[in-house]
Amino acid sequence: MVPKCRRCRVNGAEVYLAHSNLSLCPDCFMLLTERRVRHTIEAYKMISRDDKIGVAVSGGKDSSSLAYILNSLYNKLDMILIYIDLGMPEYSKHCLEKVEDLTKMLGRELVVYSLEKEMGFTIMNLKSTIYGRKPCSACGAIKRYLFNKIAFDLGLTKIATGHNLDDTAEALFNFYIEGNVKSLVRLKPYLPKTHPKIVPKIKPLIGLTDMECLFYAEYRRLPIRTLECQFSRGSRSVRRKELLNMIVEKIPNFKHTFINSHYKRILPLLEQALKDQGETEIYDCPACGMPTSLRGAPCHFCKIVSLAKRGEMKRIKLEGPQ
Ligand code: SF4
Ligand code: ZN
């Protein structure tokens with residue numbers, strides 16, 4: 001016999017949330033998910049009434065759920081969707097179609113930025129220049145830079161991204177292993193304005209797991225991509241996520257506890273330590289004028305662009321907030 005939903009006690013439960021030991025029917029699950037996102041937004045004071053928000057969308061389950069939830073919770077909010085076309089054969093076009101369907105569903109405006117049209121290269125060009133390695137770190141740096149630049153040029157006040165709890169736990173895990181304190185400090189649910197050209201970033205889904213985002217997108221019948229990027233399989237971040245999921249099998253609330261203790265207990269100490277050492281300086285890139293942590297040198301984006309155009313992608317350290 002199907003167990004009853006623990007909330008409404010009427011419908012059959014379909015979703016089991018191990019971290020809270022809760023079995024829910026689809027309706028109660030969707031309602032609870034939206035409430036949890038609202039709670040995150042309020043707890044970190046992510047959104048104010050006069051904000052103009054750009055939602056970074058990719059056609060995936062996370063960013064599509066984010067756009068849908070923000071649109072439902074704050075329907076009067078000034079909000080647009082932003083998609084970056086990375087120029088990957090088949091995949092980018094497929095994602096764009098899903099994003100266009102979502103945009104229609106929400107009745108919002110969509111801004112599409114084509115890397116090929118605007119910059120004259122694609123992620124495939126990067127791939128052919130990095131000696132067989134995956135282009136993911138360069139791709140991530142390009143997306144971070146462009147979302148900020150597009151939002152800044154459009155006069156937006158916040159960028160919302162679909163990073164969820166699994167993404168954040170994986171990134172934290174990686175930065176801890178590397179001892180990458182600067183990136184640990186930048187990995188926040190709400191990254192405020194630290195420079196006139198930096199648009200604040202918010203991550204309203206930081207309390208939801210991969211599985212919760214997927215169930216939500218499916219129950220809401222959101223248009224989400226069915227293709228995966230050709231570089232995602234076997235990537236380091238996927239392997240780290242698998243490792244963390246093995247821990248969760250034994251300790252169901254491991255990721256929640258890990259993230260909470262980082263934000264509540266460790267982050268304030270790290271922030272203070274970096275401030276004391278004067279390591280939070282931001283400079284202007286001499287090539288593009290956008291902010292960078294590199295003093296007197298072109299920013300990571302400008303380095304990637306010039307190397308991609310010269311066809312020689314060397315190993316460069318790419319850091320930055322998610
Ligand atoms: Fe970019 Fe790598 Fe993600 Fe593909 S898997 S979209 S290359 S970061
Ligand atoms: Zn630059």
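Heads up: numbering here begins at 1 and tracks the sequence. Both counts, for ligands and for their atoms, begin at 1 and track the order of listing. Given the structure is predicted, the values throughout are model-derived calculations rather than measurements.
Close contacts of ligand 1 with C229, meaning ligand atoms under 4.0 Å from a residue heavy atom, involve 4 (Fe), 5 (S), 6 (S), 7 (S). Annotation for ligand 1: atoms under 4.0 Å from non-hydrogen atoms of S232 are 5 (S).
Two rings, from F301 and Y145, have their centers less than 6.0 Å apart. The six-membered or imidazole ring of F254 lies away from that of H19, with a centre-to-centre distance of 6.0 Å or more.
The closest donor-acceptor contact from the side chain of T40 to the backbone of G207 lies at 3.5 Å or more, if one exists at all. K158 places a side-chain N or O within donor-acceptor distance of the main-chain N or O of M46, the cut-off being under 3.5 Å.
Residue C285: an N/O/S atom is found under 2.8 Å from the Zn ion (ligand 2). Metal site remark for atom 1 (Fe) of ligand 1: C136 contributes no N, O or S atom at a distance under 2.8 Å.
Residue contacts with ligand 1: K143 is included, with a non-hydrogen atom under 4.0 Å away.
Around NE2 of H94, the count of heavy atoms belonging to other residues, nucleotides or ligands within 6.0 Å exceeds 12.
A salt bridge links E170 with R240: the distance from a Lys NZ or Arg NE/NH1/NH2 to an Asp or Glu carboxylate oxygen falls below 4.0 Å.
The protein non-hydrogen atom at the shortest distance from atom 1 (Fe) of ligand 1 is C139 SG, 2.4 Å. In this structure, atom 7 (S) of ligand 1 lies nearest to the protein heavy atom F231 CD1, 3.7 Å.
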